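Please read the structure below before turning to the comments.
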Number of protein chains: 2
Amino acid sequence: MTRPTVNDIAREAGVSLATVDRVLNARPGVRAKTISAVNDAITRLGYVRDLAAANLARSRSYRMIALLPDGDSQFVQTLAEALTEAAALAAATRLRLDLLRYPPEDMHVLSNLLAGFQPEEVAGVALMAPETPVIRDAVRALRQRGIPLVALGSDLPNTGRDHFVGIDSHAAGRTAGVLMGRFCRGLSGRVLVIADSMLLRDSIERRRGFDEVLLADFPALDVMPTLETHGSADQLRRAVGDCLAATPDVVGLYLLGSGHRALAAFLRDRGLLGRFVVIGHELTPHTRQALMAGHLDAVIAQNPGHLARSALRVLRAKADRIPIDEGQEQLRIEVVIRENLPAEPREDQQGDAA
Amino acid sequence: MTRPTVNDIAREAGVSLATVDRVLNARPGVRAKTISAVNDAITRLGYVRDLAAANLARSRSYRMIALLPDGDSQFVQTLAEALTEAAALAAATRLRLDLLRYPPEDMHVLSNLLAGFQPEEVAGVALMAPETPVIRDAVRALRQRGIPLVALGSDLPNTGRDHFVGIDSHAAGRTAGVLMGRFCRGLSGRVLVIADSMLLRDSIERRRGFDEVLLADFPALDVMPTLETHGSADQLRRAVGDCLAATPDVVGLYLLGSGHRALAAFLRDRGLLGRFVVIGHELTPHTRQALMAGHLDAVIAQNPGHLARSALRVLRAKADRIPIDEGQEQLRIEVVIRENLPAEPREDQQGDAA
DNA sequence: TAAGAAATGAGGAACGTACCTCAAAAATTG
DNA sequence: CAATTTTTGAGGTACGTTCCTCATTTCTTA
């Protein structure tokens with residue numbers, strides 16, 4: 001009736017507890033025949049190791065590290081908060097997360113940080129970084145030392161990272177493209193694409209997906225070359241202003257990255273708010289506000305809370321060398337419009353010990 | 001350096017371990033002054049109770065029950081699988097889930113089932129059922145006995161259920177409405193609404209949300225009275241056929257419930273596939289296929305995996321009387337189009353004991 | 001201030017697993 | 001077959017908490 005324990009296995013298999021323990025924990029000195037006898041008993045009884053007890057006995061505690069670029073990106077900021085929150089909850093199951101920020105302008109700082117992590121101290125690393133050669137090497141070396149690493153938000157496919165926690169940027173761009181195309185049904189004209197910088201893998205892939213869809217399925221829409229703002233509101237005003245002046249038949253705006261506040265301010269000044277179909281990425285206080293006000297028609301987003309929790313779950317699984325639940329870790333490309341905007345996250349996080 | 005334990009609290013507060021235990025577990029016989037002394041020590045040390053150890057000591061095991069209506073609804077089927085899968089994972093943390101189905105035509109069977117659950121045996125119940133008077137009474141009685149209950153998929157607001165795991169149907173209907181309106185930009189005409197039955201709370205609320213949006217924001221579209229199919233493909237063919245014959249200017253179809261396969265077959269027969277904007281609910285093998293084929297333009301969905309895991313987490317939290325993480329339990333109203341369709345779930349679930 | 005009640009302390013057993021040591025048994029080798 | 005190696009058994013301690021008992025101290029109140 002109750003759950004079988006290691007003692008039950010021993011009895012069932014006709015061996016001692018010590019032998020069961022050797023088999024369960026893959027310790028040496030057991031004959032193949034005995035091993036299979038124990039495993040048979042395990043399957044016969046339907047034994048499932050009590051992870052709580054196991055971790056308690058091991059007095060295992062996991063120190064994880066999350067590395068995010070420094071700067072004032074709203075998305076990174078939100079993700080940092082989500083990580084902190086997820087870590088607070090995971091603290092009850094002996095996981096500690098240190099959240100570090102690195103200067104995005106110098107990858108050597110990050111590389112040195114990574115090089116300093118030792119397997120005795122660090123049970124896993126979640127990293128959000130572009131895949132430069134320096135980083136690639138540092139990640140490879142880290143994994144060589146036996147420290148699991150998951151790429152967070154932006155993939156590092158050529159580093160052998162253990163897992164990627166995030167959404168497929170290309171598919172996200174395609175999704176944005178379809179929405180742009182469909183929301184512009186019956187219209188013909190040009191679509192402006194605005195990015196911080198086209199050096200980031202994410203931006204490139206989104207743009208590629210977006211273009212694909214518009215080219216194939218919405219011939220009435222014409223996608224213009226990307227306007228790069230480098231995070232500057234002035235540059236955005238200038239670039240978009242010039243472009244609108246030169247091409248009067250703009251019907252849609254696609255923001256690959258940030259700049260929603262600057263764009264809204266600019267459009268408001270010109271009396272153009274609501275004139276275009278506007279689609280952007282990531283749900284931040286700014287995009288949320290723009291959605292509510294109706295200046296922004298849709299946002300393609302990944303849920304920072306899910307991102308954070310998934311990263312911690314995967315890292316723990318990797319540290320324990322147990323398989324991950326693919327279904328649970330598959331993050332959705334969310335389409336957010338005003339009508340399915342989730343309620344504002346509340347601020348009062350009361351971690352109560354009682 | 002290491003995590004503080006109950007012994008550390010005792011030392012810090014200058015009391016005995018027994019007293020700390022009394023405070024932590026809200027046992028009687030401690031002066032208010034002592035309680036606050038202990039709590040101060042707890043906050044000073046940043047103590048977080050080790051849940052693994054706590055549950056081990058309690059040798060608490062949770063037997064939860066999930067109750068779903070019987071029948072061949074694809075969504076319920078998928079949800080049942082998700083629950084089984086989530087339960088398999090939760091087994092490692094001493095949770096057992098019994099999944100029961102009840103005949104949807106007789107609520108007294110369900111009511112009797114609920115009446116039979118005793119708090120000594122059942123740590124929590126997840127229930128998907130319409131809110132009839134019989135059920136309302138049974139749920140109230142259950143909670144009176146101290147058994148936590150969460151409403152699954154469809155809310156039971158007047159029963160005092162501990163929590164609702166699911167999405168807001170009204171908002172889901174509004175979301176469907178906006179997509180219908182925007183995907184029909186430039187068109188004017190009628191929109192057909194097809195439902196299994198309008199007796200279900202969900203259908204009513206979706207319909208209400210849908211109507212609201214179309215009425216307020218898309219005056220060019222005219223919503224027709226609901227066609228009820230009662231789950232029968234024939235009835236669907238007849239009703240939709242009659243309606244299309246009578247009103248030639250139909251531009252959109254909205255499926256409140258199931259019937260995607262029957263609708264696709266009907267439209268194919270008539271050579272009408274792809275002629276209308278079609279929007280439906282829930283991601284099932286049928287809607288997935290229809291999305292891929294392009295017969296269905298968007299699906300408003302809730303993620304069955306999230307639903308299942310959220311239900312188990314909430315029930316466990318309720319059983320432990322600890323607060324739930326609102327952020328994590330807030331389920332999103334997903335908008336699924338072909339471009340953000342998640343990869344087909346794989347079948348090979350390998351639960352490995354080693 | 002003495003009797004009674006309330007609060008606190010001391011100690012131990014238990015939960016299921018990990019990990020250790022030492023001795024005994026079994027298998028393998030020369 | 002004896003010597004050696006390998007495998008197995010027996011038993012203990014530890015992890016951090018819960019929950020119990022019984023003794024002792026401290027506070028109330030008549």
Side-chain angles (χ1 to χ4, degrees), chain A residues 1-38 41-42 45-62 91-96 319-322 353-354, chain B residues 1-38 41-42 45-62 91-96 319-322 353-354:
Chain A
M1 200 59 231
T2 63
R3 280 174 55 134
T5 73
V6 279
N7 287 294
D8 299 323
I9 301 176
R11 202 175 327 110
E12 176 78 16
V15 300
S16 73
L17 183 60
T19 301
V20 173
D21 178 62
R22 289 183 183 110
V23 174
L24 275 178
N25 296 293
R27 277 184 255 278
V30 187
R31 275 184 304 173
K33 203 171 139 190
T34 314
I35 292 182
S36 50
V38 171
I42 287 176
L45 294 176
Y47 170 81
V48 184
R49 190 204 229 98
D50 185 328
L51 274 184
N55 287 334
L56 177 60
R58 284 197 185 100
S59 65
R60 192 172 195 353
S61 70
Y62 309 78
T93 48
R94 3 188 81 236
L95 185 147
R96 212 183 82 203
D320 283 342
R321 294 168 204 280
I322 58 177
Chain B
M1 201 53 234
T2 63
R3 279 174 55 130
T5 74
V6 278
N7 286 296
D8 298 323
I9 301 175
R11 200 175 327 108
E12 176 78 13
V15 300
S16 74
L17 181 60
T19 300
V20 172
D21 179 62
R22 289 182 184 110
V23 174
L24 275 177
N25 296 291
R27 277 185 256 276
V30 188
R31 273 183 306 174
K33 204 172 139 190
T34 315
I35 293 182
S36 50
V38 171
I42 287 175
L45 293 177
Y47 169 81
V48 184
R49 188 204 233 101
D50 185 328
L51 274 184
N55 287 334
L56 177 60
R58 282 198 189 101
S59 66
R60 194 172 194 5
S61 68
Y62 310 77
T93 49
R94 358 188 84 235
L95 186 147
R96 212 185 82 204
D320 284 342
R321 295 168 203 281
I322 58 176

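None of the values given here were measured: they were computed from a predicted structure. Chain identifiers are assigned alphabetically (A, B, ...) following the order of the sequence lines, protein sequences preceding nucleic acid strands; residue numbering begins at 1 within each chain.
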Between the side chain of Asp50(B) and the main-chain N/O of Ala52(B), is any donor-acceptor distance below 3.5 Å? yes
Just how far is it from atom CZ of Arg22(A) to atom CD1 of Ile35(A), taken to the nearest 0.5 Å? 11.5 Å
Rounded to whole Å, CG of Asp50(B) lies from C1' of dC15(D) at a distance of 9 Å
What closest approach, in Å, do Asn25(B) and Arg58(B) show between heavy atoms, and which atom pair accounts for it? OD1-NH2, 4.0 Å
Using a cut-off of less than 4.0 Å, is there contact between a side-chain N or O of Thr19(B) and OP1 or OP2 of dG9(C)? yes
At a heavy-atom distance below 4.0 Å, what parts of residues 7-15 of chain A sit against DNA chain D? Gly14(A), Val15(A)
note: Leu51(B), atom CG; dC15(D), atom C1'; distance rounded to Å ~ 15 Å
Is there a side-chain contact between Ser16(B) and the phosphate of dG9(C), meaning an N or O under 4.0 Å from OP1 or OP2? yes
Rounded at 0.5 Å granularity, tell me how far OG in Ser61(A) sits from CZ in Arg3(B). 8.0 Å
Contact string for nucleotides 19-25 of chain C, one letter per nucleotide 5' to 3', B = base within protein heavy-atom range under 4.0 Å, S = sugar-phosphate only, - = neither, reads B------
Judged by each residue's nearest nucleotide on DNA chain C, which is more toward the 5′ side, Ile35(B) or Thr5(A)? Ile35(B)
Is there a side-chain contact between Val20(A) and Tyr47(A) (heavy atoms, below 4.5 Å)? no
Report yes if the side chains of Val23(A) and Thr34(A) come closer than 4.5 Å at any heavy-atom pair, otherwise no. no
Could you check Gly29(B) against Ala53(B) and say which one's nearest nucleotide on DNA chain C is further toward the 5' end? Gly29(B)
Using atom CD1 of Ile322(A) as one end and atom C1' of dT17(C) as the other, report the distance to the nearest whole Å. 15 Å
Give a yes or no on whether the backbone of Ala32(B) and the side-chain of Ser36(B) come within a donor-acceptor separation of less than 3.5 Å. yes
Taking the side chain as every heavy atom from C-beta outward, state whether Asp8(B) and Thr5(B) have any atom pair closer than 4.5 Å. yes
Note: for Ala52(B) and Val20(A) on DNA chain D, the residue whose nearest nucleotide lies more 5' is Val20(A)
Quick note, salt bridge (Lys or Arg N to Asp or Glu O under 4.0 Å) partners involving residues 26-35 of chain B, not counting sequence neighbours, are Asp21(B)-Arg27(B)
Separation of dT17(D) P from Leu56(A) CG (nearest whole Å): 9 Å
Take the protein atom CG of Asn55(B) and the nucleotide atom C1' of dT17(D), then report the distance between them rounded to whole Å. 10 Å
Taking atom C1' of dT8(C) as reference, at what distance in whole Å does atom CG of Leu24(B) sit? 16 Å
Between P of dA5(C) and CZ of Arg31(B), the distance in whole Å: 19 Å
